[in-house]
There are 2 protein chains.
Amino acid sequence: MNNGRFAIATHILVLLCKNERELLSSDYIASSININPVLVRKEISVLKKAGVVSSKEGKNGGCYLAKKASDINLGFIFKLVFPKSILSLAKNTPNPKCPVGKKINGHLENLYSEAEQAMLQKLSNINLKDFCKKFD
Amino acid sequence: MNNGRFAIATHILVLLCKNERELLSSDYIASSININPVLVRKEISVLKKAGVVSSKEGKNGGCYLAKKASDINLGFIFKLVFPKSILSLAKNTPNPKCPVGKKINGHLENLYSEAEQAMLQKLSNINLKDFCKKFD
DNA sequence: CATTTCTGTAATGTTTTTTATTACAGTACA
DNA sequence: TGTACTGTAATAAAAAACATTACAGAAATG
């Protein structure tokens, strides 16, 4: 249930932040991340829907930050990319006849949501502008 | 890079805690979780190496908690099951010629480790005994 | 002491998820 | 009107997760 999407989204945003006022193409971005451009465009599509980036179609098009970098925090990005819990349940249906099996998924979900909340809080304290300073 | 192993390990431990002083077989446990017994035995093998459970081979064998449930915290279990970061990097090697690509993985790793630390701290506050009370 | 019932582990197969690729319609610039 | 982009769908390939089979070895039990 986990993958490199958060890394990709963050990489895109750092590039956009470092090149504010420029339009970056998905091919350019993809070659920095070293993945397929279509994956970049898909991720950008998610970021666009959330109002984090904007894009311009057509020749010489590309994308750019839609907000100030200091107004974008990494917790928000994380939630965009993983709207569901990253700590997945086992891919099975525990035995409902067992008193533990019957309740375990509910209790685990609560546990996960508490744990992820803690993580999210940490990430929310970091904004894109600050994160980008590390690349100077 | 993520899967249901933490759910499985926790489920096993809850069963053992609820049946202290009894030997539970991997078949019994597997039928509560509703997964293959071999997966249960594999996970038990990890828990054994960490001193959390013990087992007895042979007929009428099975496994049991090796510690008091109040001395087992869920953060410890989490680390056993996911010794590496759960927030994986993109499965690629970012372009080292790009100033962002060159540094991104290092910075992301730091970020991940901070974020996971926060989650782990939360989980470490919960011990198995308390978690099991939810099943009464 | 042979049989039964477990653990422990390796090897292999299947399914699901992730990532890559291909293809092409639509948009805007020159 | 050609060129260089975005946007998205469809498909394919690769990787990871999970299941299954198989069997050696351990201990209880008659």
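Convention: sequence-line order gives letters A, B, ...; per-chain numbering from 1.
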Integer-rounded Å distance: [N] [atom2] and [X] [atom1]:
X: B:F6; N: D:dA17; atom1: CZ; atom2: P; answer: 17 Å
X: A:I44; N: D:dC5; atom1: CD1; atom2: P; answer: 13 Å
X: B:L16; N: C:dT7; atom1: CG; atom2: P; answer: 11 Å
X: A:E43; N: D:dG7; atom1: CD; atom2: C1'; answer: 14 Å
X: A:I12; N: D:dT6; atom1: CD1; atom2: P; answer: 11 Å

Applying salt bridge (Lys or Arg N to Asp or Glu O under 4.0 Å) as the test, list every pair that has at least one member in residues 38-61 of chain B; sequence neighbours left out.
B:R5-B:E43

Got a sec, which residues hit ring-ring contact (aromatic ring centres under 6.0 Å, His included) with B:F78, two or more places apart in sequence or on another chain?
B:F6, B:F82

Test of understanding: with ring-ring contact (aromatic ring centres under 6.0 Å, His included), list the residues that count as partners of B:F131, not counting sequence neighbours.
B:F135

Of all heavy-atom pairs between B:C17 and B:A69, which one has the smallest distance, and what is that distance?
SG-CB, 3.6 Å

Which residues pass the side chain to side chain donor-acceptor pair (under 3.5 Å) test with B:S32, not counting sequence neighbours?
B:H11

Sorted by number, residues from residues 46-62 of chain A placing a heavy atom under 4.0 Å from DNA chain D are A:K48, A:S55, A:K56, A:E57, A:G58, A:K59, A:G61, A:G62

Under 4.0 Å from any atom of DNA chain C, heavy atoms only: list the residues of residues 24-31 of chain B that qualify, in numerical order.
B:L24, B:S25, B:S26

Residue pairs fulfilling ring-ring contact (aromatic ring centres under 6.0 Å, His included) with at least one residue in residues 21-41 of chain A, sequence neighbours excluded:
none

Stacked cation flag B:K122 on A:Y112, 6.0 angstrom / 45 deg
no

Identify all pairs in which a protein N or O lies below 3.5 Å from an N or O of nucleotides 20-24 of chain D, and state each distance.
unit_1, atom_1, unit_2, atom_2, d
D:dT20, OP2, B:N36, ND2, 3.3

In the hydrophobic cluster built from side-chain contacts under 4.5 Å, what are the other members alongside B:Y64?
B:L23

Give me the other members of the hydrophobic cluster that A:V38 sits in, counting Ile, Leu, Val, Met, Phe, Trp and Tyr linked by side-chain heavy atoms under 4.5 Å, directly or via other members.
none

Residues in salt bridge (charged side-chain N to carboxylate O under 4.0 Å, His left out) with B:K18, at least two apart?
B:D136

With sequence neighbours left out, write down each residue that passes salt bridge (charged side-chain N to carboxylate O under 4.0 Å, His left out) with B:D130, or none if nothing qualifies.
B:K133

